[in-house]
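Here's the structure, in structure tokens; my notes come after.
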Amino acid sequence: MLFTPGEIGLLELPNRLVRSATAERMANDQGFPLPTLTALYRTLTKGGVGLIITGHMYINPDGKSHPEMTGIYTDELIPRLAELVKAVHEEGGKIAVQINHGGGNCSQETVKQAISPSAAEQVSIYNRQTQEMTEKEIRQTISDFSQAARRVKEAGFDAVQIHAAHGYLVNQFLSPLTNHRDDEWGGSLSNRSKLLQEVCLAVREQVGPDYPLFIKFGIADGCENGFSLEDGLETLQNFGSWGLDGVELSSGFSGELFSSIQKRINKPTDEGYFLPFVERARLKTELPIMAVGGFRSRTVMERVLLSGAADFISLCRPLIRDPNLPALLEAGDATHSDCLSANLCWAENKGEGISCKCFD
Ligand SMILES: Cc1cc2nc3c(=O)[nH]c(=O)nc-3n(C[C@H](O)[C@H](O)[C@H](O)COP(=O)(O)O)c2cc1C
């Protein structure tokens with residue numbers, strides 16, 4: 001099943017393995033991708049993954065989460081981004097871009113005055129002070145998402161993914177933890193999900209009816225007073241009518257508040273740690289589902305696909321460990337990833353980029 005073709009809207013993929021968005025930290029100060037990123041995508045494609053989703057790219061400098069993040073905020077980036085596409089297409093692969101705004105979850109280094117749905121004090125969920133977004137800023141952000149999606153299409157990428165998970169701006173609007181607004185953008189679930197709805201509709205309008213568009217959705221924050229699973233399941237049911245072709249299901253607000261990137265995956269029963277959510281989601285949507293979070297062995301991946309709960313399996317850390325994993329699994333030369341899930345893959349120094357340091 002893992003090596004049979006699949007579809008997300010009009011996007012046809014040769015197999016069911018997806019490289020989940022992974023912030024590579026391989027861009028210069030203006031967000032232009034470095035040659036190391038092109039080389040990484042070439043390597044991933046040669047390794048046999050069916051679809052690469054880029055690391056999150058910032059749609060506006062106000063939403064740049066961390067240094068060395070790739071940008072998609074100006075047309076000047078298009079030629080350089082198109083080179084990434086060229087490399088992947090030359091190797092016969094497919095590549096989608098994840099577009100994001102960090103909101104309150106942006107480092108001091110990249111954003112001096114962070115904006116978020118509601119103002120936050122210095123010691124807050126974001127670990128910094130933030131300013132409440134004005135109506136004008138909200139409208140500007142919706143437009144920034146749609147313009148970023150247009151650039152994705154113009155650069156020749158195969159699809160676009162909206163980041164609506166992991167405690168970034170869209171998740172901040174969905175979550176009662178961070179959204180205390182009493183206007184049309186806060187309060188009830190339909191008000192809290194209005195930003196996401198408007199972003200989806202604006203992006204769809206911008207890219208046209210046929211362009212593959214999907215979402216990474218944090219279906220639950222996983223902590224008290226956060227965006228609940230019930231909220232998530234209800235929101236998910238709208239995705240088709242909001243113009244989405246598929247959904248990658250994640251969970252977890254960020255940092256210590258229930259992590260989306262869990263450690264200690266030591267045995268098959270630890271794998272696929274968001275599967276209970278995926279199974280609930282399957283009953284609510286007919287859109288293709290990508291399951292992410294802790295998949296390591298072919299047996300577990302196959303079982304999930306065969307059960308029908310998910311249509312694709314997304315991998316992040318195993319492909320940092322070994323970009324060639326899909327080819328090895330397909331050839332029968334490996335049965336599982338030897339990723340230790342220790343989360344040592346983050347770059348520590350400027351210019352380093354992500355890498356597996358577990359076996360050094
Ligand atoms: C180094 C690193 C960077 C990541 N960057 C992103 C990102 O840019 N966007 C995103 O949605 N998730 C990001 N994630 C989360 C992964 O996409 C994935 O959801 C998570 O790691 C669980 O999958 P895994 O067990 O296969 O690693 C990142 C994870 C790691 C370890």
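One is the number of the first residue; the rest follow in order along the sequence. The structure presented is a predicted model; accordingly, all values stated were derived computationally and were not measured.
Under a cut-off of 6.0 angstrom, the local environment of CD in Glu76 is sparse, with at most 12 non-hydrogen atoms contributed by other residues, nucleotides or ligands. Within 6.0 Å of atom CG in Asp183, more than 12 heavy atoms from other residues, nucleotides or ligands are found, so the atom counts as buried in its surroundings. By the 6.0 Å contact criterion, CZ on Arg280 is open, its count of non-hydrogen atoms from other residues, nucleotides or ligands being 12 or less. The neighbour count for Glu286 CD, taken as heavy atoms of other residues, nucleotides or ligands under 6.0 Å away, does not exceed 12. Atom CD of Glu90 has more than 12 neighbouring heavy atoms from other residues, nucleotides or ligands inside a 6.0 Å radius. Remark: Glu12 CD is loosely packed, at most 12 non-hydrogen atoms of other residues, nucleotides or ligands lying under 6.0 Å away. Remark: Gln30 CD is packed, more than 12 non-hydrogen atoms of other residues, nucleotides or ligands lying under 6.0 Å away. With a 6.0 Å radius and a threshold of 12 heavy atoms from other residues, nucleotides or ligands, Arg264 has its CZ atom at or below the threshold.
Residues Glu352 and Lys357 form a side-chain contact, since some pair of their non-hydrogen atoms from C-beta on lies under 4.5 Å apart. Using a 4.5 Å heavy-atom cutoff, the side chains of Leu329 and Phe3 are in contact. The closest side-chain heavy-atom distance from Leu196 to Ile215 is below 4.5 Å. Contact check for Met69 versus Met57: no side-chain heavy atoms found under the 4.5 Å cut-off. With contacts defined as side-chain heavy-atom distances shorter than 4.5 Å, the pair Cys106/Arg128 qualifies. When side chains are defined from C-beta on, Phe295 does not count as touching Pro318, because their heavy atoms never get closer than 4.5 Å. Using a 4.5 Å cut-off on side-chain heavy atoms (C-beta onward), Leu189 and Thr235 make contact. Considering only heavy atoms from C-beta on, Thr4 stays 4.5 Å or farther from Pro14 through its side chain.
Proximity of a side-chain donor or acceptor of Arg181 to a complementary backbone N or O of Met133 within less than 3.5 Å is detected. Judged by distance alone, the side chain of Arg303 and the main-chain N or O of Leu306 form no donor-acceptor pair under 3.5 Å. Without hydrogens or angle criteria, Thr74 side chain to Leu77 main chain gives no donor-acceptor distance under 3.5 Å. Gln161 contributes no side-chain N or O that, together with a main-chain N or O of Ile53, makes up a donor-acceptor pair within less than 3.5 Å. Between the side chain of Asp245 and the main chain of Gly9, no donor-acceptor pair closer than 3.5 Å is present. At distances below 3.5 Å, not a single donor-acceptor pair connects side-chain atoms of Ser314 with backbone N or O atoms of Val292. Under the 3.5 Å distance criterion, the side-chain polar atoms of Gln172 are matched with a main-chain donor or acceptor of Gly167. Not one N or O on the side chain of Asn179 forms a donor-acceptor pair closer than 3.5 Å with the backbone of Leu174. When atom types are taken as modelled, the side chain of Arg204 and the backbone of Gly208 share a donor-acceptor pair closer than 3.5 angstrom. Formation of a donor-acceptor pair under 3.5 Å by the Lys153 side chain with backbone atoms of Val207 is found in this model.
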- Task: Kindly indicate, with the supporting measurements, whether the criterion salt bridge (Lys or Arg N to Asp or Glu O under 4.0 Å) is fulfilled by Glu83 and Arg80.
- Result: CA-CA 5 Å; Glu83 288 173 32; Arg80 183 64 195 96; 2.9 Å; yes
- salt bridge (Lys or Arg N to Asp or Glu O under 4.0 Å) assessment of Arg139 paired with Glu198: CA-CA 9 Å; Arg139 292 281 166 208; Glu198 300 235 351; 2.8 Å; yes
- Message: Working note: Arg150 + Glu154, criterion side chain to side chain contact (heavy atoms under 4.5 Å, CB included); need CA distance, chi angles, decisive distance, verdict.
- Response: CA-CA 6 Å; Arg150 172 184 59 76; Glu154 281 182 23; 3.1 Å; yes
- Quick one: do Leu51 and Leu11 satisfy side chain to side chain contact (heavy atoms under 4.5 Å, CB included)? Show the steps, please. CA-CA 10 Å; Leu51 174 69; Leu11 179 66; 4.2 Å; yes
- Message: salt bridge (Lys or Arg N to Asp or Glu O under 4.0 Å) for Asp338 and Arg321? Distances and angles first, verdict last.
- Response: CA-CA 8 Å; Asp338 58 2; Arg321 169 78 197 126; 2.9 Å; yes
- Task: Test salt bridge (Lys or Arg N to Asp or Glu O under 4.0 Å) on Asp311 and Arg16 and set out the steps.
- Result: CA-CA 7 Å; Asp311 306 281; Arg16 308 306 181 95; 5.0 Å; no
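Annotation: salt bridge (Lys or Arg N to Asp or Glu O under 4.0 Å) contacts involving residues 208-223, sequence neighbours excluded, are absent. Applying the salt bridge (Lys or Arg N to Asp or Glu O under 4.0 Å) rule to pairs touching residues 104-127 yields nothing, sequence neighbours excluded.
In this structure, the ring of Phe253 has its center no less than 6.0 angstrom from the ring center of Phe227. Tyr73 and Tyr58 have their aromatic ring centers within a separation under 6.0 angstrom. Separation of the His101 and His56 ring centroids does not fall under the 6.0 Å cut-off.
Geometrically, Arg192 does not engage Phe173 in a cation-pi contact defined by less than 6.0 Å to the ring centre and at most 45° from the axis.
The closest side-chain donor-acceptor pair between Ser297 and Glu271 falls under 3.5 angstrom. For the residue pair Gln129 and Ser124, no side-chain donor N or O sits within less than 3.5 Å of a side-chain acceptor on the partner. At a cut-off of 3.5 Å, with distance as the only test, no side-chain donor of Gln147 or Asp144 sits close to an acceptor on the other residue. Side chain to side chain, Thr54 and Gln98 fail the donor-acceptor criterion of an N or O pair below 3.5 Å. When only modelled atom types and interatomic distance are considered, Thr130 and Ser116 share a side-chain donor-acceptor pair under 3.5 Å. A donor-acceptor contact under 3.5 angstrom links the side chains of Ser107 and Thr110, judged on distance only. Between the side chains of Ser341 and Arg296, a donor-acceptor pair is found at a separation under 3.5 Å. Arg317 and Asn343 form a side-chain donor-acceptor contact under 3.5 Å, judged by distance and modelled atom types alone.
Distance OG1/Thr38 to CG/Leu40: 9.5 Å, rounded to 0.5 Å. A distance of 9.0 Å separates CZ of Phe258 from SG of Cys223, quoted to the nearest 0.5 Å.
Below 30°, between 30° and 60°, or above 60°: for His166 and His163 the angle between ring planes is above 60°, a perpendicular geometry.
Minimum heavy-atom separation, Cys358 to Leu340: CB-CD1, 3.9 Å.
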